[in-house]
Each structure stands twice: as C-alpha cells, then as structure tokens.
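This report concerns only the one structure given below.
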Amino acid sequence: MHIDYITPNDWSIIEDGWNPNNVKSSESLMALGNGAMGQRANFEEDYSGATFQGSYIGGVYYPDKTRVGWWKNGYPEYFAKVLNAPSWIGIKVIVNGESLDLHTCKEVKDFRRELDMKAGVLYRSFKAILQNDVEIAVKATRFLSMEMDEVGAIKYEVTPINVDATISYEPYLDSGITNEDSNWDDKFWNTLEVSENDDMAFITAHTMKTEFHVCTMMQNKLFIDGDEITLSRKRSQKTTTYVGHEYETDVTKGDTFAIQKIGGYVSSLNHDKGGLVAVATDVLNKATDLGYDALLASQKEAWAKTWEMSDITIEGDTKAQQGIRFNIFHLNQTYTGQDSRLNIGPKGFTGEKYGGSTYWDTEAYCIPFYMATKDQSVARQLLTYRYNQLDKAIENAQKLGFTNGAALYPMVTMNGEECHNEWEITFEEIHRNGSMVYAIYNYERYTGDTSYIPEMGLEVIIGVARFWRQRATFSKAKNAYVILGVTGPNEYENNVNNNWFTNYIAKWCLEYAFEQAELLRDTAKEDWSRISGKTHLSYDEMLSWRSTAEQMYFPYSEENGVYLQQDGFLDKELITVADLPKSNRPINQKWSWDRILRSPYIKQADTLQGFYFFEDHFTEEQLEKHFDFYEPFTVHESSLSPCVHAIQAAKLGRMDQAYEFYLRTSRLDLDDYNKEVEEGLHITSMAGTWQSVVEGFGGMRVKNDTLSFDTKIPNAWTAYSFKVNFRGQILKVDVSKNETHFTLVSGEGLQIIVNGEKREVLPA
Ligand code: BGC
C-alpha cells in the first residue's frame with residue numbers, strides 16, 4: 001500500500017492537506033460520472049503540476065491503428081480508445097494580474113477535497129497565498145447531473161482574505177485536448193466551429209474516423225456574496241480550439257466572488273449532427289432555468305433514490321463501510337442501463353487504460369450487481385449489448401477461420417469488433433466467450449425472465465456453441481476432446497493446453513446450448529422455427545455439441561485430488577507465494593514475462609473461477625481442496641481476483657481470510673494495493689466487491705427459483721445490511737452478530753431458504 005491519505009468516513013472520500021503527490025490519485029478516486037459522461041477530478045483553475053486530465057463521453061471513441069512489433073494474421077486493425085473529450089470544466093482565475101495555480105503559489109493551506117458519495121457532489125476548498133502576496137480562500141463544488149445526463153454544474157467561489165483584489169474569471173471550453181494513450185499521436189478530434197450566443201458558448205468538434213459529433217457547451221452566472229451581478233464579458237479565443245468568457249471585478253477583502261458554470265455535452269449519439277448547437281442551447285436554457293440550486297437538489301434526490309436500493313451498511317468498521325460505498329458509488333456513476341450501446345469499461349470514466357471498452361468483466365462480474373440492485377431491464381440492456389454485436393462476433397470468428405455461424409466475442413471491444421492485439425489474448429483467451437452464455441444463464445436464473453432466451457439469447461448461445469464445437473480438437477491419444485493453445489483467466493500462463501476452466505466452460509456451454517435449443521423446439525414452435533431457420537440449426541448439429549461435451553478432457557491429479565489448471569501444471573517449481581520474498585512482488589512489475597510464464601503463480605482466480613461459476617457442480621470438500629491447492633500460488637495481481645476468493649473463503653467459513661480479501665477488493669483503489677490508482681479506478685472489480693458482501697458474507701444464492709442465504713459476519717463488524725430486488729420484490733437483509741433479519745420492503749411475500757430451511761417473508 002503506498003497511499004494512505006484518505007480519511008476514513010462513512011459517506012465521503014476525504015483528502016485533508018495539500019500534497020501535490022496525491023493530485024493524480026485523487027483525480028481518479030474522486031472522479032465523477034452519470035452513466036452518460038464522466039471526468040477525473042481535475043481542478044477547474046490552471047494547474048501546472050503533475051496531473052492527468054480526463055473527460056469522457058460514453059460511447060465516443062476513436063479507432064487507434066494497431067501498433068505491434070510483428071503483425072500476425074487475424075490481428076485487429078485498431079484499438080478502440082475512449083477519448084479524452086473537450087473540456088468544459090476549466091475556469092482561469094486571475095487575482096491582481098496573477099493566475100491562480102496551486103503549483104506555483106507561495107503557500108497552500110487548509111486544502112481539502114471531499115467526494116460526498118451520498119449526494120454525488122465533489123467539494124474542494126483551500127487557502128492560497130499567491131506570489132503577489134494576495135491570500136484567497138477558494139471553494140469549488142461540482143457535480144454531473146444524474147437527472148439531466150448531458151449537464152454538469154460548477155460553483156466556484158473566491159474570497160480575498162488580506163486585501164481588496166481585482167479578480168477575473170475566465171470560464172472556457174477547450175477542444176485542443178489529447179489522449180495520454182495514443183499509438184501514433186494521431187489527431188483524435190477536429191474542431192468544426194466555435195460559436196456563442198449571448199452568455200453561452202459552444203465548441204462543435206468531431207472525432208476523426210468514427211465521426212462522432214460533439215457540442216461542448218457552457219453558460220455562466222456571477223455573484224457577489226450570493227447576489228447575482230452582471231459584468232461585461234470579454235471574449236477570449238486563445239487558440240482556434242478554445243473559447244473563454246472573461247469577467248473581471250474588484251472584490252473587497254472578505255467578500256466572495258462566485259461563478260456558477262453550467263456545462264456539458266450533446267452529441268450525435270443522441271441527436272442529429274446538424275443541429276447540435278440548437279440542442280445545446282435548449283439544454284443550457286433548461287438547466288439554467290432550473291438553476292444551479294435546483295439542479296443540486298435534484299442531484300441529491302437522484303442519489304438518495306439510488307442509495308435507497310443499492311446501499312450496503314456496515315457497522316463497527318468505518319474503513320469497510322467507506323470501501324463498499326465507494327465501490328457502489330462508482331458502479332452507479334458508470335452505468336445506468338439507459339442505453340444498450342454503452343457498457344462498463346474496466347476503468348469506467350476515470351482513465352484511459354483498457355481503452356474504455358467492454359471486457360468479459362461485464363458478464364463474469366458486473367451483471368449480479370445490476371440485477372440485484374436495479375430493475376431487471378438494466379441487466380437485460382447489458383445482455384442486449386452483446387446480442388446486438390452477434391454479427392460482429394461471427395465475423396470475428398470467420399476472420400480466424402471458423403465457419404457455420406460460430407461466434408467469438410472479442411476480448412475487448414467498443415462496437416463488437418475485436419480490439420485487443422496480443423495474440424495470446426486475442427486468439428487464446430477464449431473463455432470470455434463462455435461468459436457471454438454464462439451471463440444469459442445467470443440472468444434467467446436470477447430474474448426468472450424466460451423471454452430473453454427466445455427473443456435474443458438463444459442466437460448468442462448457438463453461435464458460441466458452434467465456436468466451442470470447432471475449437472475443440474479430438475485427441476486420439478486421449479480419446480477425448482482437448483482445447484489447445486489457450487490463455488485462461490490467469491494471464492500469467494499463455495498458450496497452454498487444456499486449461500481446466502476453459503474446457504469446463506466450453507463443455508457447459510455445449511450442454512446448455514443443447515438443452516436450451518431442445519427446450520425451445522419442444523415448447524415454443526414459432527420461436528424455434530424462426531431461430532432454427534435463421535441459424536440453419538439441425539438436430540444433428542445439436543447432438544454433435546452434446547457428444548463433444550461428453551467427451552471433453554479435464555486434466556486431473558490423482559495424487560492431489562484436484563483438477564489441474566492446465567496440462568503440465570505439476571511440472572512447475574511449486575513454491576508458494578508465502579515463500580516468495582516480498583521484494584519480488586508484484587511479479588508483473590519485478591519479473592520478466594518469461595520468468596512469470598514458467599512460474600506457478602496465478603494472477604487471478606482461474607480453476608477457482610470455475611468453482612465460483614459452477615459451485616453447485618462440486619462438493620464443498622472439492623471446493624476446499626481446490627482452494628487450498630490454488631490460493632497459495634495466487635498473487636491476486638488482477639483487481640478481479642480478491643472478490644472471488646473472498647466469496648469462497650466465506651463459504652468455507654474462513655472468515656479472517658474472507659475479511660482480508662474483502663478489504664483488499666473494497667479498498668483496492670482507496671489504499672492503492674496495485675500501485676496504479678493514478679491511471680484510474682478498477683470499476684468492474686467493484687461489482688465483485690458487492691458480491692463479496694452479498695454472496696460471500698450474506699451467502700446469497702439462487703437455487704430453483706428461490707433465494708437462499710447462509711449469513712456470516714466478519715469479526716470486525718457488529719452488523720451489516722443490504723437489499724436485493726428479486727423478481728420485483730425488495731428484500732432487506734440485516735445481519736448482526738447473533739441474528740439475521742429479513743424484511744420485505746416491497747412485494748407480496750417471498751419464500752426464501754435460510755441455512756437450508758424454508759422461510760416465508762411477508763410484507764412488513
Ligand atoms: C484481467 C482480465 C480482465 C482485464 C480487464 C486483466 O488484468 O486479467 O481478466 O478482463 O484485466 O479488467
């Protein structure tokens with residue numbers, strides 16, 4: 001852990017005291033989003049110290065041409081990058097002719113930032129003595145409206161403390177921005193028009209190649225001690241990609257000069273390209289008519305509603321409480337389920353890494369959170385996203401030589417096309433394809449919505465089954481189907497044969513495809529004839545799936561009584577992580593890739609991922625054996641690792657270990673376990689954190705259309721509670737040291753299973 005400056009607090013992320021080394025970390029930790037757009041917590045005023053500037057618009061990306069040392073056939077042409085979007089938050093602050101810049105001030109005092117997660121508002125305050133000896137007190141408040149998702153608002157206040165001062169604000173828009181991550185230093189944005197309408201300003205720009213048109217907008221109001229004032233406006237156009245409005249006034253010592261800036265984006269994702277400025281004008285009019293205070297009030301209301309359903313309370317452990325709310329807050333900021341073209345990038349709106357694109361993380365980790373804390377339509381949107389990309393997945397498989405409608409979903413994507421260009425991942429990390437089907441199964445199991453499979457899901461299931469059927473090779477030597485040349489979830493092994501998890505999920509997909517297709521054939525003739533006609537599916541083909549599944553090979557060690565992660569795993573030098581000197585870790589930063597590949601070290605749950613997905617297929621003794629065998633070799637260097645282990649440790653009753661994993665997943669970014677928080681947050685693993693409480697400590701599962709619980713509580717906690725929406729009924733679970741209480745918050749009555757026994761929860 002290398003950062004430890006966040007003050008423990010139940011509802012807020014607080015940084016107290018000025019330390020320029022924390023700027024980039026806090027920019028990530030306190031990032032804001034509203035599902036449609038997001039931004040790092042960059043300062044409004046100029047800052048010449050180390051910073052990572054980032055504003056992002058969901059779904060707006062650039063196809064950056066792939067850059068590799070050695071081109072291999074089948075590589076994708078480009079890597080889709082989420083774009084640093086034109087900035088609307090900037091406000092230049094000039095005090096008696098000197099620009100406010102915390103990097104060059106004589107002194108910064110009482111610096112404090114607070115991300116108030118309850119309200120979805122970011123606060124910052126400080127006092128600064130400028131080089132010209134003017135001392136000012138500054139307060140900045142900012143939020144991205146959940147209600148009007150094209151709009152954000154800032155209130156910025158300056159009070160001269162020691163002298164009267166001439167202060168000028170120059171709120172501005174700037175499309176002259178770049179990405180930190182760019183393969184060829186291409187220009188990503190082209191500015192088309194800088195325009196104004198009275199006190200509004202607009203910059204219309206489009207992305208190169210993808211032609212997303214975006215109008216960035218602002219409108220400003222000024223106040224002295226809370227009273228609105230009118231000042232003459234000077235236009236400032238520092239470059240062709242910049243527009244500022246300068247307002248200057250004399251401020252008496254002790255008075256507060258404030259600016260309210262409403263800004264944001266409208267884009268061609270949702271509006272006609274031609275009329276963006278007119279749309280932006282309407283949006284600004286609507287927002288400023290409402291006014292800053294009303295927008296802020298509706299922000300608080302929107303978040304109160306969100307928390308009402310998705311909050312998890314933890315008593316007796318402030319750090320754990322802060323951790324879980326931090327995770328839940330960011331998940332809600334990143335994805336709201338309103339647009340099936342959007343998804344949950346591993347960094348959400350907090351950084352550029354991972355291209356902002358969609359990974360298997362969504363299907364493997366995120367779906368349960370959204371299923372249980374939202375209306376089922378939200379999770380269904382995530383499934384629909386993949387359904388809409390099925391044709392591209394089929395194309396993607398065709399490029400690699402697969403036929404007959406086999407579908408290979410990409411490892412990383414924005415619009416369905418594969419973007420990852422390392423062969424060991426693109427071509428080999430194919431277990432991702434299974435997670436698409438697993439998510440459909442998981443969705444139906446949880447929501448009971450049986451309409452998704454006939455409407456959309458079955459086509460995906462068929463495409464994926466066809467892929468596995470073709471990807472498996474019959475080995476005469478083993479008299480079984482094998483899957484060669486893969487990378488499992490543990491990316492610290494490449495090009496291995498018979499990764500157990502991959503073979504297992506492939507077998508399961510083939511069986512599930514057979515069952516679901518047969519079920520539809522027997523029960524829904526119309527759907528069946530539509531889908532079988534469209535996919536040219538025959539019963540013989542279905543039988544071939546089943547027989548491939550039946551003959552799938554699984555590496556097993558009789559001696560250890562465990563399935564092997566892959567062929568040859570026991571040939572490794574099996575030194576556990578505990579015996580590895582600390583100075584060697586994290587191995588992905590300390591060791592060569594070559595050394596990592598030969599080692600037994602496991603990046604994240606791999607065999608255990610299979611035991612997580614398919615827990616019911618194994619006994620608890622088997623889980624324990626595999627956990628004891630694999631966890632000691634696991635370095636947990638993926639953010640996705642601790643959550644699965646937390647759930648399994650809790651299942652096995654190892655509460656201390658489960659708690660340790662819980663803290664690691666929930667405070668991964670807050671305490672910067674992976675030493676990379678400056679680059680952005682780990683959004684997708686945050687859903688895993690939610691699971692580690694609900695499925696881990698709460699022991700929640702769905703079995704035969706019924707919720708079941710086996711609740712436990714970590715020693716450090718006195719109580720905790722969570723709510724789930726199960727098929728339209730809302731159940732609250734309160735766990736304390738001695739008892740568990742179930743309350744039906746809404747619904748007619750719910751049968752549940754508690755520690756193996758049936759119980760009925762009736763409306764309170
Ligand atoms: C993990 C993958 C994951 C990706 C994005 C990698 O480090 O190994 O499983 O999909 O990050 O989160």
Side-chain angles (χ1 to χ4, degrees), residues 28 79-82 181 327 330-331 334-335 343-367 369 382 386 408-414 418-436 438-439 486-496 499 501-502 505 565-566 585-589 591 593 596-597 601-610 612-613 630 633-645 664-665 668-669 673-677 679-689 691:
S28 299
F79 190 93
K81 300 244 155 89
V82 66
D181 173 22
N327 286 250
H330 280 290
L331 286 167
T334 307
Y335 187 74
N343 209 288
I344 308 147
K347 293 258 170 264
F349 296 120
T350 70
E352 296 174 8
K353 206 175 161 195
Y354 297 110
S357 315
T358 311
Y359 283 67
W360 75 306
D361 304 28
T362 296
E363 285 71 23
Y365 292 85
C366 298
I367 294 254
F369 168 81
L382 291 169
R386 295 292 191 178
L408 175 58
Y409 277 91
M411 185 67 194
V412 185
T413 194
M414 207 52 114
E418 176 63 88
C419 286
H420 210 294
N421 55 33
E422 286 165 74
W423 63 270
E424 63 274 26
I425 305 233
T426 312
F427 305 144
E428 298 208 326
E429 204 171 330
I430 50 176
H431 62 79
R432 64 183 185 252
N433 222 27
S435 68
M436 306 300 145
Y438 183 79
V486 303
T487 295
N490 168 22
E491 292 176 339
Y492 290 176
E493 301 277 356
N494 297 152
N495 206 32
V496 299
N499 168 263
F501 174 68
T502 307
I505 203 164
Q565 184 177 272
Q566 74 244 9
R585 301 189 52 200
I587 59 170
N588 67 12
Q589 289 173 18
W591 285 8
W593 193 243
I596 289 176
L597 289 179
Y601 302 119
I602 302 172
K603 182 182 180 189
Q604 68 201 82
D606 187 306
T607 305
L608 292 179
Q609 183 74 35
Y612 170 67
F613 274 1
Y630 285 110
F633 296 113
T634 307
V635 285
H636 305 289
E637 287 176 12
S638 159
S639 62
L640 299 174
S641 194
C643 53
V644 174
H645 290 86
R664 185 160 176 164
T665 177
L668 181 89
D669 291 318
Y673 278 87
N674 287 8
K675 300 189 171 56
E676 56 187 16
V677 73
E679 295 172 356
L681 305 178
H682 296 85
I683 300 293
T684 46
S685 72
M686 293 182 175
T689 304
Q691 288 169 52

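Numbers here are sequence positions counted from 1. Order of appearance sets the numbers: ligands from 1, and atoms from 1 within every ligand.
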Pull out every atom of ligand 1 sitting under 4.0 Å from any heavy atom of [X], numbered as shown with elements.
X	value
Trp360	2 (C), 3 (C), 9 (O), 10 (O)
Glu491	1 (C), 2 (C), 6 (C), 7 (O), 8 (O)
Pro346	5 (C), 12 (O)
Leu640	3 (C), 9 (O)

Inset, instruction - Ignoring hydrogens and angles, state whether a donor on the side chain of His636 or Ser641 is under 3.5 Å from an acceptor on the partner side chain. - result: yes
Inset, instruction - Decide if the gap between the ring center of Tyr438 and the ring center of Phe613 is smaller than 6.0 angstrom. - result: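 They qualify: ring centres under 6.0 Å apart.
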Legend entry - Chi angles and distances behind the side-chain hydrogen bond (donor to acceptor under 3.5 Å, both in side chains) call for Tyr612, Gln691: CA-CA 11 Å; Tyr612 170 67; Gln691 288 169 52; 2.5 Å; yes
Starting from [atom], which protein heavy atom do you reach first, and at what distance in Å?
atom	result
atom 1 (C) of ligand 1	Gln604 OE1, 3.4 Å
atom 3 (C) of ligand 1	Asp361 OD1, 3.4 Å
atom 6 (C) of ligand 1	Lys603 NZ, 3.5 Å

Inset, instruction - Pick, from Tyr359, Tyr354, Tyr365, the option with the minimum heavy-atom distance to atom 11 (O) of ligand 1. - result: Tyr354
Legend entry - Which atom of Lys353 lies closest to which atom of Lys347, heavy atoms considered: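 Heavy atoms of Lys353 and Lys347 come nearest at O-CG, 3.4 Å.
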Inset, instruction - Please test Asp606 against Asn499 for side chain to side chain contact (heavy atoms under 4.5 Å, CB included), starting from the C-alpha separation and ending with a verdict. - result: CA-CA 9 Å; Asp606 187 306; Asn499 168 263; 3.1 Å; yes
Legend entry - Partner residues of Tyr630 under the ring-ring contact (aromatic ring centres under 6.0 Å, His included) criterion, sequence neighbours left out: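 If we apply the ring-ring contact (aromatic ring centres under 6.0 Å, His included) test to Tyr630, skipping adjacent residues, the hits are Phe569.
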